[in-house]
Each structure stands twice: as structure tokens, then as C-alpha cells.
> 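Pasting a structure below so you can have a look.
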Amino acid sequence: MAIPQQLPIAVRRPNAPLAIVWIVLEQRDRRGAPMVINPTLAYIESQIRAAFGDDWQSFRVIEARDVPTDRTFRDAWRDRDGVIEVDLPAAKALHRAAVDRRAAARIEALERQVVTALVTGAPASRMALLRDRRLALLAARDDARIDAAASVDELAAIDPLASIADD
Amino acid sequence: MATIRSSPSGPLVDAVLAPIASETVLANPESDTALPVGAPSSALLDFLSALPASGDIAVRRAGEWQLEPVNDVVATLLVESPGMPAVFIYSPVNSAPILASYNVAASVDPGAGLRDIIFTRPFASVNYCAIAGVRSATQTTIRSQTTTDVTVGSIRIMSVIENANLGDPTNWYLVAFGDLAPL
């Protein structure tokens with residue numbers, strides 16, 4: 001099956017990430033007969049409304065190469081001055097939330113280890129190690145490097161949990 | 001002469017196709033384009049695939065023979081063929097979003113871990129069966145599910161990583177079965 005021709009549209013929405021709508025321009029029926037779509041403004045709007053109802057602000061036709069391939073901070077994409085780019089403050093919020101989720105999962109696992117250590121009468125050194133790790137995980141959520149990051153690349157490279165050991 | 005039924009369970013299409021006139025357009029008249037009663041969907045699909053892209057075909061409805069545009073006949077058969085997918089799409093998450101599709105007007109990327117599929121031709125009701133799938137090259141704990149955002153004309157599917165968080169897969173898949181809305 002041939003890859004269908006598509007027209008990408010960037011759609012701005014209130015209080016939501018930038019959406020990319022890929023409109024299919026050429027389809028084929030069961031018998032391979034082509035069905036060509038004329039992407040009029042009315043047709044484009046009808047597809048956007050099918051996805052979002054009236055919950056959108058504006059759209060513009062873009063090219064496939066305009067769509068970022070790095071989706072690390074996908075929900076921070078913004079369409080500014082004809083360029084789709086990552087909004088750094090929004091990316092920092094996403095990054096912090098991701099660190100929070102990972103830290104919470106590790107703290108939960110750590111607390112199970114603490115219970116095990118208590119039940120089995122682990123030495124004080126083991127208890128101290130677990131306590132220090134827990135404090136480090138809690139502190140990682142507020143890693144100042146996230147706020148200080150000056151670029152998206154710099155932000156992506158920050159992993160506050162990387163230096164905290166695990167069993 | 002052939003009788004087409006789109007399901008073994010009943011005469012969903014009361015149509016008989018036959019080369020009744022020299023101008024009748026059939027894809028393969030020399031070997032007769034016969035379909036047995038209760039032919040499986042795959043046979044129906046083969047039959048439809050072999051038909052010409054335009055022209056007329058002989059159809060008998062309610063005992064009356066007539067020539068009808070082959071596109072209309074096919075469209076009718078598709079509406080009434082629940083054994084064949086009404087929608088399918090295979091889409092990587094990134095820059096070439098749709099690699100294969102049928103009955104898809106648009107694929108919408110509203111954010112990480114979400115995909116809205118807009119149908120070219122809607123279903124007759126929201127009671128259709130949609131099966132979503134995802135594949136990830138990096139995540140081992142990833143699954144897909146449809147959401148409550150289901151309408152006759154679109155559906156939202158999502159990709160969940162580690163059982164809780166929305167996250168992008170490497171590929172999206174959707175297949176849906178059900179009655180399409182009449183033309």
C-alpha cells in the first residue's frame with residue numbers, strides 16, 4: 001500500500017499543547033481506486049472541528065519538515081512566528097513532573113526496603129543508607145539545575161536521580 | 001451467476017451479479033466472477049479488488065436486474081460487510097505519520113501519548129469495535145487503550161507507559177469494525 005499524501009496542519013488550542021493534524025489527501029477504496037481530497041479551508045476546519053470541536057484558536061498549514069522529530073518535551077511545543085519550538089518554561093514544568101513521578105516510584109520501592117530492613121534487623125549502617133537515599137530522592141524533586149537550565153538541550157541532560165544509587 | 005453475501009450468518013446483501021449483457025463490466029468475465037453464497041470476507045475483498053475502477057455492473061435487487069455504477073455497488077457492500085475492517089491505520093509517531101490507512105480522513109497528534117483518528121466515512125452508531133495497538137522500541141511496559149472519546153466520526157486512543165503515564169509509542173495501530181453510516 002502506497003503511503004498516502006498528507007497535509008500537516010498546526011493547530012493552536014487554549015490551555016493545551018500545540019496539535020498537529022495530518023489530513024489525508026489521497027485515499028484508496030477497496031479496489032485501489034483513488035479518492036483525492038481537495039483541502040479547502042472549509043475542509044481543513046471540518047477536520048479540526050472533528051477533533052477538537054470549538055476548542056481551538058487558529059491553525060496554519062505547515063510542511064512535514066516543520067514538525068520537530070524530538071518529542072522529549074512534546075507537550076511544550078508552541079507555534080511562534082512560524083516556527084514550532086519548545087517553550088522552555090513549559091518544558092521545565094514537564095521535566096520536573098517527570099522527575100517527581102520517577103522519584104515517587106523509587107521512594108515507594110525504598111520504603112518497602114526500609115520495612116524489610118526493620119523486620120530482618122538490618123544493621124544501623126543499612127538503615128542510614130536507606131534514609132540518606134530517601135532524603136536524596138526527596139531533594140531531587142527540587143533540583144535547582146532544572147530552573148537554571150538555559151536551553152532545552154541543557155534541560156534534557158539534567159537527571160537529578162542519576163547520581164542516587166539503588167540496590 | 002453469483003450471489004454475494006457479506007456474512008455467512010445471513011443475506012446482508014440481496015444482490016446477484018452476473019454478466020447479463022455484453023456491455024456489462026466485470027473484472028474477469030472469462031472465468032466468471034462468481035462468489036459462492038456465504039463467501040468469506042476475504043473472497044469478497046478479492047472480488048471487489050478485481051473489479052474495474054469505473055463502469056457498471058449488473059445487480060439484481062428484489063428480483064429486478066439493473067446496471068449500477070460499480071462504485072455505488074462497492075460502497076453498498078462495504079456498508080454491509082461487518083466482517084471487514086471499516087477503518088485501519090498504521091502510523092509512526094513522528095514525521096511521516098500515516099504509512100497505511102483506510103477510511104481515515106486525518107490523524108491528529110494532540111500531545112504526548114494521544115492520537116485522534118478522524119474517519120472519512122462515519123460509523124452508523126458508536127457501537128463499533130475499535131482495537132488499538134502500540135509498539136515501542138524503547139519501552140517494555142507500554143500498552144494502548146481507547147478512551148471514552150468515541151464518536152461515530154472519530155476516536156481517541158492513548159498510549160500508557162508504566163501503567164500510569166501517557167507516553168509516545170514508536171508506532172500506533174488502529175483497526176475498527178462495525179456498520180458504516182449509509183451513503
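Proteins come first, then strands; the chains are lettered A, B, ... in the order of their sequence lines, and each starts at number 1.
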> With a 3.5 Å distance limit and no angle check, can you tell me whether R13(A) reaches the backbone of P110(B) through a side-chain donor-acceptor pair?
yes
> Side chain, backbone, both or neither: which part of T151(B) has a heavy atom under 4.5 Å from chain A?
neither
> Testing the basics here: between R71(A) and D168(B), what is the closest heavy-atom pair and its distance to 0.1 Å?
NE-OD2, 2.7 Å
> Membership question, hydrophobic clusters at under 4.5 Å side-chain separation (ILVMFWY): are V61(A) and I23(A) in the same one?
yes
> Checking I37(A) against chain B: side chain, backbone, both or neither under 4.5 Å from a heavy atom?
neither
> Are L7(A) and I84(A) connected into the same hydrophobic cluster when the rule is that any two of I, L, V, M, F, W, Y join if their side-chain heavy atoms are below 4.5 Å apart?
no
> Are L138(A) and L130(A) in one and the same hydrophobic cluster, where Ile, Leu, Val, Met, Phe, Trp and Tyr link if side-chain heavy atoms are under 4.5 Å apart?
yes
> In this structure, would I158(A) and F73(A) fall into the same cluster of hydrophobic residues linked by side-chain contacts under 4.5 Å?
yes
> Report, as yes or no, whether the 6.0 Å neighbourhood of atom CD on E108(A) holds more than 12 heavy atoms from other residues, nucleotides or ligands.
no
> Near Q113(A) CD, under 6.0 Å, is it more than 12 heavy atoms from other residues, nucleotides or ligands?
yes
> Does D75(A) use its side chain to pair, donor to acceptor, with the backbone of A112(B) at less than 3.5 Å?
yes
> Which bit of L18(A) is near chain B, if near means a heavy-atom gap under 4.5 Å: side chain, backbone, both or neither?
backbone
> Quick one: do W22(A) and I118(B) satisfy side-chain contact (heavy atoms from CB on, under 4.5 Å)? Show the steps, please.
CA-CA 10 Å; W22(A) 296 84; I118(B) 313 297; over 6 Å; no
> With a 4.5 angstrom heavy-atom cut-off, could you sort out which part of Y43(A) is near chain B: side chain, backbone, both or neither?
side chain
> Under a 3.5 Å distance rule, please check whether R156(B) uses its side chain to pair with a backbone N or O of A51(A) as donor and acceptor.
no
> Are V99(A) and V152(A) grouped together when hydrophobic residues (ILVMFWY) are joined by side-chain heavy atoms under 4.5 angstrom apart?
yes
> For the pair V24(A) and I98(B), evaluate side-chain contact (heavy atoms from CB on, under 4.5 Å) and give the outcome as yes or no after the intermediate values.
CA-CA 8 Å; V24(A) 180; I98(B) 302 174; 3.4 Å; yes
> Considering only heavy atoms and a distance below 4.5 Å, find which of V104(B), D149(B), D116(B), L114(B) pairs most often with chain A.
V104(B)
> Check step by step if side-chain contact (heavy atoms from CB on, under 4.5 Å) holds for V108(B) and Q47(A).
CA-CA 9 Å; V108(B) 181; Q47(A) 298 305 312; over 6 Å; no
